[in-house]
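Here the structure is laid out as structure tokens; the discussion comes afterwards.
In what follows, chains carry the letters A, B, and so on, assigned in the order in which the sequence lines appear, proteins first and then strands, with residues in each chain numbered from 1.
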Protein chains: 4
Amino acid sequence: MPGPAEIVDKRVERSKAAVLAETYRQLTETGIGGLSIDEVSRRSGVSKATIYRHWPSRSALLLDACSRLGGAADVPDTGDFQDDLLGLARGLADQLRTAAWTSVYPSIIDAAERDPEIAAMQSALHSGWMKPFAIVAERAKARGEAPAGLSAPVLTAAIVGPLFYRRWFSKEEIDDRFVTAVTETAVAAMARQTP
Amino acid sequence: MPGPAEIVDKRVERSKAAVLAETYRQLTETGIGGLSIDEVSRRSGVSKATIYRHWPSRSALLLDACSRLGGAADVPDTGDFQDDLLGLARGLADQLRTAAWTSVYPSIIDAAERDPEIAAMQSALHSGWMKPFAIVAERAKARGEAPAGLSAPVLTAAIVGPLFYRRWFSKEEIDDRFVTAVTETAVAAMARQTP
Amino acid sequence: MPGPAEIVDKRVERSKAAVLAETYRQLTETGIGGLSIDEVSRRSGVSKATIYRHWPSRSALLLDACSRLGGAADVPDTGDFQDDLLGLARGLADQLRTAAWTSVYPSIIDAAERDPEIAAMQSALHSGWMKPFAIVAERAKARGEAPAGLSAPVLTAAIVGPLFYRRWFSKEEIDDRFVTAVTETAVAAMARQTP
Amino acid sequence: MPGPAEIVDKRVERSKAAVLAETYRQLTETGIGGLSIDEVSRRSGVSKATIYRHWPSRSALLLDACSRLGGAADVPDTGDFQDDLLGLARGLADQLRTAAWTSVYPSIIDAAERDPEIAAMQSALHSGWMKPFAIVAERAKARGEAPAGLSAPVLTAAIVGPLFYRRWFSKEEIDDRFVTAVTETAVAAMARQTP
DNA sequence: CAGTAAACGAGACGGTACGTCCCGTCTTATG
DNA sequence: CATAAGACGGGACGTACCGTCTCGTTTACTG
């Protein structure tokens, strides 16, 4: 039973879609700094006036376009904690090696340093991506595989941290050996926490 | 007998210093994206022509200014591998909590995605910062405390990765408990590698 | 039984009236250059689509609104040529000192330089305003007070010209002394023409 | 002995000249309302930034360009008042028939209705053009040909008013017969003033 | 210690992007 | 079917910064 508030002009949807698509394209090519509204307008065929009609500022458009980056991964459920984590880590590693958004994300991290709105968006984005780790941890606790006191954030940091580090900071290869090592380390450490 | 190449006009040094100082100031305030040569010129009192005389482009100036970020930390030498690593991790955590350069670094990481020169600079910066980890690992190996096959990069990733992750991605507190946990985990994992 | 051409929707009349009123208001306030259809729409409550349905262009609306400027003065008939002219001159002088349309008229004169339609409208407007001079001249000729060969346009130019000149060009006061002098000069000149 | 204040960058002079020339061209073609800075920039090859560097606003450029309209006519000195006036009237009539500035002047008159700065500029322009009438009147007074009490403004209005009226309002031909009639009327009226 | 070469500040210049406003056309939903 | 509401592409507005350029004027070294 859709309310009347949901009725939107088709033209609006068309314009918005065209702008977001072109924005996304430019973002992955040049990062936030290289995004130009004039260029988006030119290449999407949508006039600047229309763009500013739908997004009050460059930042707003950025926000909107960025928040559509990277869809949610599906959460593995193998029945074994380490296997679940390995699945998540491999999935993330895959993304880090190939996905277009990985070249934009540093722009967001950078902008978040100074723009609270972008910081909020980054936080939401990050939460979405990290939720699967919390979920598999919860399941493992329920199964008694993981100690009840296990800190999901610490576990996440132990796995995601090294992967991110390789992608953006050290720029070394993220091969399966590395992914496996990182995951095993994290699991072993967890075990150590509860003798 | 100093070669003529080393003779530099005092005025040149003065100009360069003023420009770099102002660039650094602006960089930490607004990031790479907010840096304006016009503004640097205005506030440093050095004319744009002079700036472009010394640095061929905005990027070159950026490079020069950024490469002065974060001085080299001194390498701890307690005689115990884990203590050395803990010292390094604590030092890094301290920096991540307080140093001005931490708000600029994402700008560099971002720019490095698209600019090979900046990528090279980032790589050099990174190597400098990470070298202490390699050094203490080397010493530990010499002492027989660490296995000869220990991979310093993997060890580094295990410690630095989670710290960076907290500073820029999850934005959770980097308290001493976390630093300790991260370090211990890394050391334990290393031990596991060589039964 | 009125023909169908004469049946006009009441709503149409309402819209037209509201638009013309607002257009006139804006015209006298800001001149032709300052007239904005968007603003007329906003303040009259009539949508832009409706405005463009009734007038094909900005110019057409302008034309319509301007052609309602300055109603026809009544023609004096004192029985004396000079008194009639003085009456007309005084009436005109009054208008030039106080009427709102005097601040719009230069806009029309300007636009007429380049837009033939506006030129035609200006010509019609002008004819209407100048007709009284021709009428009193005609009456004077009939009474034998004025020579049959008297050129009404020349007479009109001699009286209206100086008045307009003061209002828009020299911007000097148009007091009664001036109006009287101008009229008397014109009449005297006419007398001189036919000894 | 030119002061150092008069030293102007050649580039500035070049830019200013190009902009003023193009502005003048556009002005005579389209009037004030049709003048576009973007278009001036495009056709003159001078960037908008440079234009705004030299003139703070569209109005300022307008002012500058307009104030160069119509050079000063030379003042006739035949020794006979009526002949002098006839010379001036004929010169003006010539201009009104042919000069490019006559199509711009209504724009100025219009703008002057609402913009005090343009009003001041118009006033200055007007004074310059009307001064010759005051000069020949002065000379005539000195020769005793004209009464000492003769009002130059009234005389000017009597001659210039009808000419302007024909050019912009009635749009009738300004032939020599008309010019002669207007001048003679004015002179005769003046004579009448002093019995 | 005068002469000269460089380094300099000041700022003009052509470009490009910004975000805003208005034009005249159009589409949609309401009465 | 006329209307109000308002989206749309186009294009001008005035501002800011880019990287290049031309000026005269210091300033430091060299002969």
Touch class at under 4.0 angstrom, heavy-atom based, for [X] against every strand present:
| X | value |
| --- | --- |
| A:Arg42 | sugar-phosphate |
| C:Leu61 | nothing |
| D:Arg58 | sugar-phosphate |
| B:Leu35 | sugar-phosphate |

Exercise. Is there a donor on the side chain of C:Lys48 or the base of F:dG6 sitting less than 3.5 Å from an acceptor on the other?
Worked result: no
Exercise. Of A:Val12 and C:Ser47, whose closest DNA chain F nucleotide lies nearer the 5' terminus?
Worked result: C:Ser47
Problem set entry | Of B:Arg53 and A:Gly45, the one whose closest DNA chain F nucleotide lies more 5' | A:Gly45
Exercise. Atom CG of B:Leu62 to atom P of F:dC17: distance rounded to whole Å?
Worked result: 16 Å
Exercise. Of the nucleotides F:dT20, E:dC23, F:dT27, which one has an atom closest to the side chain of C:Asp38?
Worked result: E:dC23
Seminar exercise, completed: B:His54 has its side chain closest, among F:dC13, F:dA4, E:dC8, to E:dC8
Problem set entry | Residues C:Lys16, C:Glu13: salt bridge by 4.0 Å N-O rule | no
For this session: Could you go through the side chain to side chain contact (heavy atoms under 4.5 Å, CB included) check for D:Leu62 and D:Ile32 one step at a time?
Result: CA-CA 8 Å; D:Leu62 234 36; D:Ile32 285 184; 3.5 Å; yes
